[in-house]
2 protein chains.
Amino acid sequence: MSKKTPVKRARAKQRRLSPEDRRQEFVAKATEFFAEEGFGGGTRALAHRLGVTQPLLYRYFPSKDDLIKEVYRTVYLEPFGDGWEKLLGDRTRPLRERLKEFYQAYTGVIFSRKWLRIYFYSGLKGLEINRSYVGIVRDKILSRIIRECRHEAGLPAQGKPGAAELEMAWVFHSGIFYYGVRKFIYEAPVLESKEQMISDAVDAFLAGFAQVFGEKEGARKLAVRAAV
Amino acid sequence: MSKKTPVKRARAKQRRLSPEDRRQEFVAKATEFFAEEGFGGGTRALAHRLGVTQPLLYRYFPSKDDLIKEVYRTVYLEPFGDGWEKLLGDRTRPLRERLKEFYQAYTGVIFSRKWLRIYFYSGLKGLEINRSYVGIVRDKILSRIIRECRHEAGLPAQGKPGAAELEMAWVFHSGIFYYGVRKFIYEAPVLESKEQMISDAVDAFLAGFAQVFGEKEGARKLAVRAAV
DNA sequence: AACCCTGTTTATCGCTTGATCACTAATTAA
DNA sequence: TTAATTAGTGATCAAGCGATAAACAGGGTT
């Protein structure tokens, strides 16, 4: 390459965005960048990707760490709508149907290279935000699922789900979750139809839950209902 | 702190190990170090942890990357004994029992902070070794499990497991795997008894597999799937 | 004693990193 | 038009990185 050319750079003639918009644009692209490179990725490489010079980042964010924190915020807060709890708890519809629909929607949001990689990078860092996310999944999703399963199986409702029930829901949930990990992080071949994977997983979970926790009657009811 | 003290360091009076042993000692401690810090951890910090100076590492390993590769080797090759395939295929015992025993043993090896963290760090790097590990799990463990399930359910044996069956085994396997992730990476509370978690997961899986792929339910299952 | 071999340290090199400062170009307000 | 404000750049700093070279220390052999 020739030496640094002092050519007056033709500044891109882009419309100037409002400061807040530009900032958010930076955060969005930084998210993609860090998802690929990990948080060890350099600010220079990031700036290059944004098409600006490195010091400019420091006009918008006090430090690299602050930028990273904003990346976390957007990634973690993005997915959680409040419709999901209602969907799971809507007893006018069969639980099986609710579960399948919920996991279609949920995985529709989190199954992306970007989301999953940021999730694991922050998890390995041992960040608080990650731990709190696990808590949210447990309280807003899994506990609700357990409650609905108990109801469906004709078991007495009780305030908090038991530890063993909760664990079983975790195993179920994680099994589905890991489909995305295998596909987007390991880039391993997976069953083409996500829909079928979820459908089978839900069917197996309901049968398994009835088998392990159901009363004899409840279990049979679940099995029969499944078959019909 | 005062300026660098040129005090002649009292060399530690440790027994001199053979070069090969010393090397392995380095690799072992480096594994723990990288498990905590990630592979971005510095060679100086690592050397400090080993109680030696940084350049000494380069007498034992040509570069940091070579050291890391050896870390991978030990971590990935450590677990796989050949007894596991035999255990899974031993038809003199009930499949349920075999599965529970296998997963007790398997998780006994990989459920550690060290193993899991190295696993994810290398996974995020997109390393070949990681992908090959996924292949090994699929071919040596999950395919075998499917075969045994088919046999148990009285289904005709066929060479390769179907994609949907394999996926279901993945969901099951991952569910168990993620118990370790939650415990050692997220450091989230889990069911105290790993044994019960595995036992319930296996019971649920067998019930679920029969439900989804079993012969008797086959026709009805198809109807249900068509209706969804 | 002299020598060599090997494990180890000190000092240092070139490069990259996150961050800062002074300056210029572009936009807005008067 | 001119002044003020904002967006963006080039040069540079101190610290940290991986890696290298040369000197040193201690035991074993002759």
Side-chain angles (χ1 to χ4, degrees), chain A residues 1-30 33-34 36-71 121 125, chain B residues 1-30 33-34 36-71 121 125:
Chain A
M1 287 293 201
S2 64
K3 286 206 76 165
K4 183 178 295 183
T5 54
V7 165
K8 195 144 287 188
R9 175 191 306 271
R11 184 105 40 129
K13 262 229 189 89
Q14 67 184 10
R15 218 183 79 65
R16 232 193 225 184
L17 288 80
S18 90
E20 190 46 43
D21 287 350
R22 188 112 171 91
R23 192 185 155 89
Q24 288 188 322
E25 189 197 3
F26 279 9
V27 172
K29 290 207 180 164
F33 175 78
F34 286 128
E36 290 308 314
E37 309 294 328
F39 295 112
T43 53
R44 268 163 255 259
L46 167 58
H48 183 73
R49 187 116 130 197
L50 297 176
V52 299
T53 52
Q54 181 244 7
L56 185 58
L57 294 175
Y58 290 85
R59 169 166 298 265
Y60 289 90
F61 311 93
S63 76
K64 182 185 179 184
D65 241 44
D66 288 273
L67 168 55
I68 289 178
K69 272 175 196 151
E70 295 231 22
V71 167
Y121 276 122
K125 267 209 198 169
Chain B
M1 286 292 201
S2 65
K3 286 206 71 166
K4 183 177 294 181
T5 53
V7 163
K8 196 145 284 187
R9 175 192 305 273
R11 184 102 45 126
K13 263 230 187 87
Q14 67 183 10
R15 214 181 80 65
R16 232 195 224 183
L17 288 82
S18 88
E20 189 47 41
D21 287 351
R22 189 114 170 90
R23 191 184 156 87
Q24 289 189 321
E25 187 199 5
F26 279 9
V27 172
K29 292 209 178 166
F33 175 78
F34 286 126
E36 290 308 315
E37 308 294 327
F39 295 112
T43 53
R44 268 162 253 258
L46 168 58
H48 183 75
R49 186 114 129 200
L50 297 175
V52 298
T53 52
Q54 180 243 9
L56 187 58
L57 294 175
Y58 290 84
R59 168 161 301 265
Y60 289 89
F61 311 94
S63 75
K64 183 186 179 183
D65 241 46
D66 288 273
L67 168 54
I68 289 178
K69 273 176 195 150
E70 294 231 21
V71 168
Y121 275 122
K125 267 210 199 170

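Chain A is the first sequence line, chain B the second, and so forth, proteins listed ahead of strands; every chain is numbered from 1. Owing to the predicted nature of the structure, the values given are computational and were not obtained by experimental measurement.
- With C:dG18, D:dA7, D:dG18 as the choices, the nucleotide that has an atom nearest any side-chain atom of B:Arg44 turns out to be D:dG18.
- If A:Gly41 and A:Arg59 are placed on DNA chain C by their nearest nucleotide, the residue sitting closer to the 5' end is A:Gly41.
- Applying the 4.0 Å criterion to OP1 and OP2 of D:dG8, one finds that A:Thr53 has every side-chain N and O outside that range.
- A:Pro19 comes within 4.0 angstrom of the backbone, heavy atoms only, and of no base.
- At whole-Å resolution of the value, CG in B:Leu57 and P in D:dG18 are 10 Å apart.
- Going from atom CG of B:Leu50 over to atom CG of B:Leu57 covers 6.0 Å, rounded to the nearest 0.5 Å.
- With rounding to whole Å, A:His48 atom NE2 is found 16 Å from D:dT9 atom C1'.
- Look at B:Tyr60 and you'll find a side-chain N or O under 4.0 angstrom from OP1 or OP2 of C:dT8.
- In terms of modelled atom types and a separation under 3.5 Å, the side chain of A:Arg49 and the main chain of A:Lys29 share no donor-acceptor contact.
- When rounded to the nearest whole Å, the span between CG of A:Asp65 and C1' of C:dA19 equals 13 Å.
- Proximity note for A:Tyr58 (side chain, C-beta onward) versus C:dT8, C:dA19, D:dA19: the nearest is C:dA19.
- The aromatic rings of B:Phe61 and B:Phe26 sit tilted, their planes meeting at an angle between 30° and 60°.
- For A:Phe34 and C:dG18, the CZ to C1' distance is 11 Å, given to the nearest whole Å.
- The number of heavy atoms from other shown groups lying within 6.0 Å of NZ (A:Lys125) is above 12.
- To the nearest angstrom, P of D:dA19 lies 12 Å from CG of B:Leu46.
- Between the CG atom of A:Asp66 and the P atom of C:dG18 there is a distance of 14 Å, given to the nearest Å.
- Considering only the side chain of A:Pro55, C:dC21 comes nearest among D:dA19, D:dG8, C:dC21.
- Looking at B:Lys64, its side chain does come within 3.5 Å of a backbone N or O of B:Phe39 through a donor-acceptor pair.
- In this structure, the CZ atom of A:Phe39 is 14 Å from the P atom of C:dG18, given to the nearest Å.
- In this entry the distance linking CD of A:Gln54 with P of C:dT16 reads 14 Å, nearest Å.
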